[in-house]
Amino acid sequence: MSIAEAEASQLAVEQPSGLWSDAWRRVRRNPAAWVGAGLLLFFVICAVFAPVIAPYGPQESVGSLAAVPPGPSAEYPFGLDEQGRDVLSRIIYGARLSLLVGVVSVAIGLSLGMVLGAISGYFGGRVDGVIMRFMDLMLSIPGFLLAIGLVTLLGRGLFQIMFAIGITTVPIFARLLRGSILAQREADYVLAARSVGTPGLRLLTVHILPNSIAPVIVQATLAMATAIIDVAGLSFLGLGPNDPGLPEWGKFLAENASRLQNSAHLVFFPGFAVVFSVLAFNLLGDALREAIDPKLRA
Amino acid sequence: MLRYVAKRLLLLVPVLIGLSILVFAYVRALPGGPAIALLGERATQESVEAINRELGLDQPIFVQYLRYAGNLIQGDFGSSVLSRRPVVEELLERFPATVELGFAAILFAVLAGIPLGFVAAKRYQGVLDNTSLVASLIGISFPVFFLALIMKYIFAVRLGWLPSIGRLDITRSLEHPTNFYLLDAIIAGDGAAFVDVVAHLLMPAIALGTIPLAIIARITRAATLDVLSEDYVRTARAKGLTTAVIDRRHILKNSLLPVVTVIGLQTGLLLTGAILTETVFAWPGVGTWMLNAINNRDYAVLQGGIVFFAFLVVVVNLLVDISYAFLNPRIRYQ
């Protein structure tokens with residue numbers, strides 16, 4: 001065996017490192033990603049196992065009605081609310097709603113936005129022009145204002161709220177994917193696939209999309225953070241889910257904002273639940289962006 | 001340059017037309033309608049039809065739109081159902097309050113954010129850099145109304161240092177020729193009133209400015225890092241310029257380009273953030289005005305408010321693009 005052959009066999013053993021394995025390696029090395037993932041896991045566990053973890057039910061009265069409900073104590077670490085319900089239990093159950101809102105609204109926005117962005121980027125021309133002008137139009141209305149408008153129009157059901165928040169993210173995803181596809185469309189590997197007769201739809205789904213999706217994933221993670229903040233904001237304005245029993249954090253906080261002076265725990269605990277869940281998505285999204293964005297690579 | 005501005009202004013026309021159609025369709029689709037809002041849910045069919053005839057709502061939809069668009073061009077946004085006053089009149093009263101708040105917030109964000117981002121980049125991966133990165137991530141994770149409530153609790157309820165609601169102490173009398181209270185106080189030559197206005201402005205502005213501050217600091221840092229590795233910075237260093245001159249003339253000037261864009265992009269965020277901040281501090285601005293309109297089904301106000309907000313965002317973005325072309329001549333020739 002010649003030296004060249006020996007070197008060649010050694011080289012072949014090394015896996016070529018692709019975008020995803022590269023990104024994964026960088027994410028693993030980032031402490032921020034670990035903190036974010038840990039926080040998120042904590043909230044997911046709270047959401048899934050709420051009936052097991054929470055000492056009481058979300059609607060269960062364990063104390064009496066009180067104008068100034070008792071604050072944190074050994075028995076009730078987060079205190080009670082004005083109806084004598086355990087605040088800790090309500091916050092644990094609330095994790096279900098916030099995560100649900102984050103995931104569902106982003107799923108709605110992502111799927112609509114990706115379809116529009118893919119059509120726009122792949123076909124180009126007049127279709128692209130019409131779709132993008134409409135997206136520009138939507139972007140000219142501030143996202144949260146658009147959500148307020150849509151909730152006023154559609155009503156205050158939980159699904160309507162998630163839909164409204166999802167819609168506000170559509171133009172962001174559409175533009176992002178379009179730009180990403182445009183950058184890929186003229187790449188050599190796409191030309192190669194086209195020249196061997198790969199049909200259009202297959203070209204888009206198998207070759208172009210997987211290579212254009214990275215920035216969209218980053219944006220989706222960050223959009224979940226925004227979705228959780230937005231639903232809390234809607235609740236704060238009195239436009240949250242109209243079911244009075246739902247232990248939604250923003251609603252809980254909003255209903256007690258006027259009790260700030262005497263019962264600050266009713267505002268601070270749900271508020272910090274929002275902050276930490278949003279922080280989890282922001283940390284993860286940020287770490288993903290750093291891992292995937294070629295410009296940030298050393 | 002002039003051609004560029006003209007082109008951008010022309011592109012504004014289809015956006016504004018599309019926007020007016022969108023908002024028109026939206027308000028028509030809202031449940032209820034002005035007749036119900038005026039007469040209540042139990043109005044008779046005849047009286048509803050009479051009101052609709054009076055307001056021209058029995059006309060074909062495109063005739064209604066044309067009339068609405070015609071009024072809009074003349075600056076007529078209709079009248080509030082609730083107060084019976086022209087929407088424009090109320091807007092002019094409310095708008096200065098929101099602008100004063102927004103300007104103060106962005107001023108705070110820029111004055112703190114740019115130096116912070118710049119120093120962080122200069123000490124790349126140092127303690128200050130890492131701390132400010134973490135702090136900015138935490139900063140953008142706070143819902144603006146929650147931050148506002150925390151500040152209110154600490155500085156108004158507990159410490160009693162700052163007033164918790166409104167723009168001016170109710171016992172104080174001040175003429176309002178401009179409705180910009182800071183200006184009003186200066187015009188009146190009333191020093192004590194000026195201090196009072198600033199005290200009222202402080203907490204809402206900091207609460208509203210915190211997220212833009214975090215974003216501006218991050219963008220400044222990223223842009224400065226980009227510029228730091230440019231050849232012309234090395235050249236400047238090689239020819240023996242002092243660090244202060246390089247920082248100011250070569251680095252900061254070039255790294256501020258993307259920051260200008262980002263400041264413009266904050267307008268939408270500031271306006272929506274203002275709705276929440278104004279609610280917490282009972283600030284009589286556009287935000288609380290529109291929220292009242294939603295709760296009272298005052299559709300003329302809602303319609304006018306949305307068109308106005310969107311118009312503002314479009315115009316500010318246009319100004320940012322133009323200033324960008326002005327700052328960076330490369331854009332103009334593309």
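Just so we're clear, the structure is a prediction, and the values are computed from it rather than from any experiment.
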> Which answer fits A:F134, side chain, backbone, both or neither, if we ask what part of it has an atom under 4.5 Å from a heavy atom of chain B?
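Side chain only.
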
> When heavy-atom pairs shorter than 4.5 Å are enumerated against chain A, which of B:F309, B:F311, B:F146 gives the highest number?
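Answer, by heavy-atom pair count under 4.5 Å with chain A: B:F146.
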
> Do you know the tightest heavy-atom contact between B:S20 and B:Y65?
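Heavy atoms of B:S20 and B:Y65 come nearest at OG-OH, 2.6 Å.
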
> Does any non-hydrogen side-chain atom of B:P143 lie less than 4.5 Å from one of A:V275?
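Heavy-atom side-chain distance check passes, below 4.5 Å.
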
> Do other residues, nucleotides or ligands put more than 12 heavy atoms under 6.0 Å from the CZ atom of B:F103?
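Counting neighbours around CZ of B:F103, 12 or fewer heavy atoms of other residues, nucleotides or ligands fall under 6.0 Å, so no.
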
> Quick check on A:L153 against chain B: is it the side chain, the backbone, both or neither that has a heavy atom closer than 4.5 Å?
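Both backbone and side chain of A:L153 come within 4.5 Å of chain B.
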
> List in chain and number order the residues that pass ring pair (Phe, Tyr, Trp, His ring centres under 6.0 Å) with B:Y153, two or more places apart in sequence or in another chain; answer none if no residue qualifies.
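Here the qualifying residues are A:F268.
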
> Applying a heavy-atom distance below 4.5 Å, give me the residues of residues 131-140 of chain B that approach chain A, sorted by number.
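If one takes a 4.5 Å heavy-atom cut-off, the residues of residues 131-140 of chain B near chain A are B:L137, B:I138, B:I140.
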
> Between A:L100 and A:R96, is there a side-chain heavy-atom distance shorter than 4.5 Å?
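No, too far: nothing below the 4.5 Å cut-off.
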
> Hydrogens and angles aside, do A:R289 and A:T221 bring a side-chain donor and acceptor to less than 3.5 Å of each other?
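Note: A:R289 and A:T221 side chains miss the donor-acceptor criterion.
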
> Identify which part of B:V157 has an atom lying under 4.5 Å from any heavy atom of chain A, answering side chain, backbone, both or neither.
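Just its side chain gets close to chain A.
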
> Just give me the residue among A:G143, A:A32, A:A232 that pairs up with chain B most often, heavy atom to heavy atom, under 4.5 Å.
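Most heavy-atom pairs within the cutoff with chain B belong to A:A232.
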
> If we define contacts as heavy-atom pairs under 4.5 Å, which of A:L137, A:T226, A:I229 has the most with chain B?
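The option with the most such pairs is A:L137.
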
> What heavy-atom pair brings A:T152 and B:Y26 nearest, and what distance separates the two atoms?
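Closest heavy-atom pair between A:T152 and B:Y26: CB-OH, 3.7 Å.
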
> Check A:A174 against A:L116 and note the closest heavy-atom contact, atom names and distance.
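In this case the closest contact between A:A174 and A:L116 is CB-CB, 4.2 Å.
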
> Just do the side chain to side chain contact (heavy atoms under 4.5 Å, CB included) check on B:V144 and B:T210 with the steps written out, would you?
CA-CA 8 Å; B:V144 55; B:T210 298; over 6 Å; no

> Need one label for A:F236: side chain, backbone, both or neither, based on atoms under 4.5 Å from any heavy atom in chain B.
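Only the side chain of A:F236 comes within 4.5 Å of chain B.
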
> Check whether any side-chain heavy atom of B:T288 sits under 4.5 Å from a side-chain heavy atom of B:W283, and report yes or no.
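Not touching, per the 4.5 Å side-chain cut-off.
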
> Given a strict heavy-atom distance threshold of 4.5 Å, which part of A:D286 is in contact with chain B: side chain, backbone, both, or neither?
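A:D286 touches chain B through side-chain heavy atoms alone.
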
> Contact part of B:L291 toward chain A, heavy-atom cut-off under 4.5 Å: side chain, backbone, both or neither?
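Contact with chain A: side chain only.
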
> Under a 4.5 Å heavy-atom cutoff, which of B:V15, B:T272, B:L16, B:L22 has the most pairs with chain A?
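Most heavy-atom pairs within the cutoff with chain A belong to B:T272.
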
> With a 4.5 angstrom heavy-atom cut-off, is it the side chain or the backbone of A:L239 that approaches chain B, or both, or neither?
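When you check distances to chain B, only side chain atoms of A:L239 fall under 4.5 Å.
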
> Can you check whether A:W249 and A:F43 have ring centres sitting under 6.0 Å from each other?
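A:W249 vs A:F43: aromatic centres under 6.0 Å.
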
> Compare every heavy atom of A:S120 with every heavy atom of A:R178, then report the nearest pair and how far apart it is.
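Taking A:R178 first and A:S120 second, the nearest heavy atoms are CD-OG, 3.7 Å.
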
> Mind ranking B:I306, B:L271, B:I150, B:L147 by heavy-atom pairs under 4.5 Å with chain A and telling me who comes out on top?
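Most heavy-atom pairs within the cutoff with chain A belong to B:I150.
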
> For A:A225, which atoms come within 4.5 Å of any heavy atom of chain B: side chain, backbone, both, or neither?
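For A:A225, neither part sits under 4.5 Å from chain B.
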
